[in-house]
Amino acid sequence: MTYLIFDLETTGLSPSSEDIIQIAGIKVRAGQWHQGERFETFVRPTKRVPSFITGLTGIAHHQVAGAPEAPEALRAFSEFAGDATLIAHNGQRFDMPFLRQSCLRYGLPVRPVPFVDSMAFSRKLWGGRGGHGLDAVISRLGLSVEGIRRHDARGDVELLAQAVGKMWHQLTPDVLACPVTVGEGALAAVA
DNA sequence: GCTAGGCAGGAACCCCTCCTCCCCT
């Protein structure tokens, strides 16, 4: 089974009014979380990147102004994904709605894809104890963030891939059976 | 120097509805 750990950076929280500005992903085979094929692109937004987003992500407007527009980036990402199962942290509530809404906004047909929210791994391992945000997960697993830029999609997927690998291993020795429920998401349909 | 949208999960309660809080940028 192939998995695609991915992360989005956006101009804000609302899928209906904000734009995706960066997509990054690492495609891995279950059990081989440290080596994978990478995807990364900036995405040209329809409005200026707010200063607080630049402060948070390190992504400035000039970096995305000449980037591919959303439809091109969404199709490229979907082609890269292929038949992989997608994984994102809090993706059920954030990344997946953003991808779906972006496709809708640009009139792109979508296709269903298997999807797992990595927060489910954390809930299953640690239940109600503490938080399940990426920072809490990283801290509990003792992952090093040295040399990794948090809130840059490339850095976050790197950390998330390591985190999912560790959590999976702690939940089951079986690298083939996903220990949490696999749901459904949507990506742009590819011709 | 700062904001915002909405789901999942839990509580209370009897099967839905409401509420609160998390978590993403």
Query raised in the report: On DNA chain B, nearest-nucleotide positions of A:Phe52 versus A:Leu8: which is more 5'?
Result: A:Phe52

Query raised in the report: Is there a donor-acceptor contact under 3.5 Å from the side chain of A:Thr11 to the main chain of A:Asp19?
Result: yes

For nucleotides 8-12 of chain B, which of its nitrogen or oxygen atoms have a protein nitrogen or oxygen under 3.5 Å away, and what is each distance?
none

Requested in this report: State, with a plain yes or no, whether a side-chain heavy atom of A:Leu99 is found less than 4.5 Å away from one of A:Ile20.
Outcome: yes

Query raised in the report: Quick one: do A:Arg44 and A:Glu72 make a salt bridge, cutoff under 4.0 Å?
Result: no

Query raised in the report: What interatomic distance, in whole Å, is found between P of B:dC18 and the corresponding atom of B:dC13?
Result: 13 Å

Query raised in the report: Does the side chain of A:Glu9 reach to within under 4.5 Å of the side chain of A:Phe42, using non-hydrogen atoms?
Result: no

**Report entry** Base-pair map of DNA chain B as dot-bracket, where | denotes pairing with a different strand and pairs are Watson-Crick or G-U under 3.5 Å
**Finding:** ...(((.((((.....))))..)))

Query raised in the report: Heavy atoms under 4.0 Å, any strand shown: does A:Leu134 hit a base, just sugar-phosphate, or nothing?
Result: sugar-phosphate

**Report entry** B:dC16 versus B:dC23 - spacing of their P atoms, nearest Å
**Finding:** 29 Å

Query - Under 3.5 Å: donor-acceptor pair, side chain of A:Gln22, backbone of A:Ala153 - result: yes

Query raised in the report: So is A:Lys27 actually on top of A:Phe80's ring, under 6.0 Å and inside 45° of the axis?
Result: yes

Report task. With C1' as the reference atom in both, quote the distance from B:dG1 to B:dA12 in angstrom, rounded to an integer. Result -> 41 Å

Requested in this report: Taking only Lys NZ, Arg NE, NH1 and NH2, and the carboxylate oxygens of Asp or Glu, determine whether A:Arg93 and A:Asp117 approach each other closer than 4.0 Å.
Outcome: no

Report task. Specify the separation, in whole Å, of atom NZ of A:Lys47 and atom P of B:dT3. Result -> 16 Å

Requested in this report: Using salt bridge (Lys or Arg N to Asp or Glu O under 4.0 Å) as the criterion, point out the one residue from A:Lys47, A:Arg48, A:Arg105 that pairs with A:Glu18.
Outcome: A:Lys47

**Report entry** Atom of A:Thr54, atom of A:Ile59 and distance for their closest heavy-atom approach
**Finding:** OG1-O, 2.9 Å

Query raised in the report: If you measure from the C1' atom in B:dG9 to the same atom in B:dC22, how many Å do you get, rounded?
Result: 10 Å

Query raised in the report: Rounding to the closest angstrom, what is the interatomic distance between B:dT3 and B:dC24 at atom C1'?
Result: 15 Å

Report task. Let me know, please, whether A:Asn90 or A:Ser51 comes out on the 5' side of the other along DNA chain B by nearest nucleotide. Result -> A:Ser51

**Report entry** B:dC7 versus B:dT25 - spacing of their C1' atoms, nearest Å
**Finding:** 16 Å

Query raised in the report: Heavy atom of residues 142-165 of chain A under 4.0 Å from DNA chain B: which residues?
Result: A:His151, A:Asp156

Requested in this report: Describe the nucleic acid contact of A:Gly133 in one word from base, sugar-phosphate, nothing, applying a heavy-atom distance below 4.0 Å.
Outcome: sugar-phosphate

Query raised in the report: P atom, B:dA8 versus B:dA4: distance in rounded Å?
Result: 23 Å

Query raised in the report: When all nucleic acid strands are considered with a 4.0 Å heavy-atom cut-off, which category describes A:Thr57: base, sugar-phosphate, or nothing?
Result: sugar-phosphate

**Report entry** Mutual orientation of the aromatic rings belonging to A:Phe6 and A:Phe77 [parallel < 30°, tilted 30-60°, perpendicular > 60°]
**Finding:** tilted

Query raised in the report: Which value, in whole Å, describes the distance between the P atoms of nucleotides B:dG6 and B:dC2?
Result: 24 Å

Query raised in the report: Got A:Arg111 and A:Ser78 here, is their nearest side-chain heavy-atom distance under 4.5 Å?
Result: yes

Query raised in the report: Looking across every strand, which nucleic acid part, if any, lies under 4.0 Å from A:Asp7 by heavy atom: base, sugar-phosphate, or nothing?
Result: sugar-phosphate

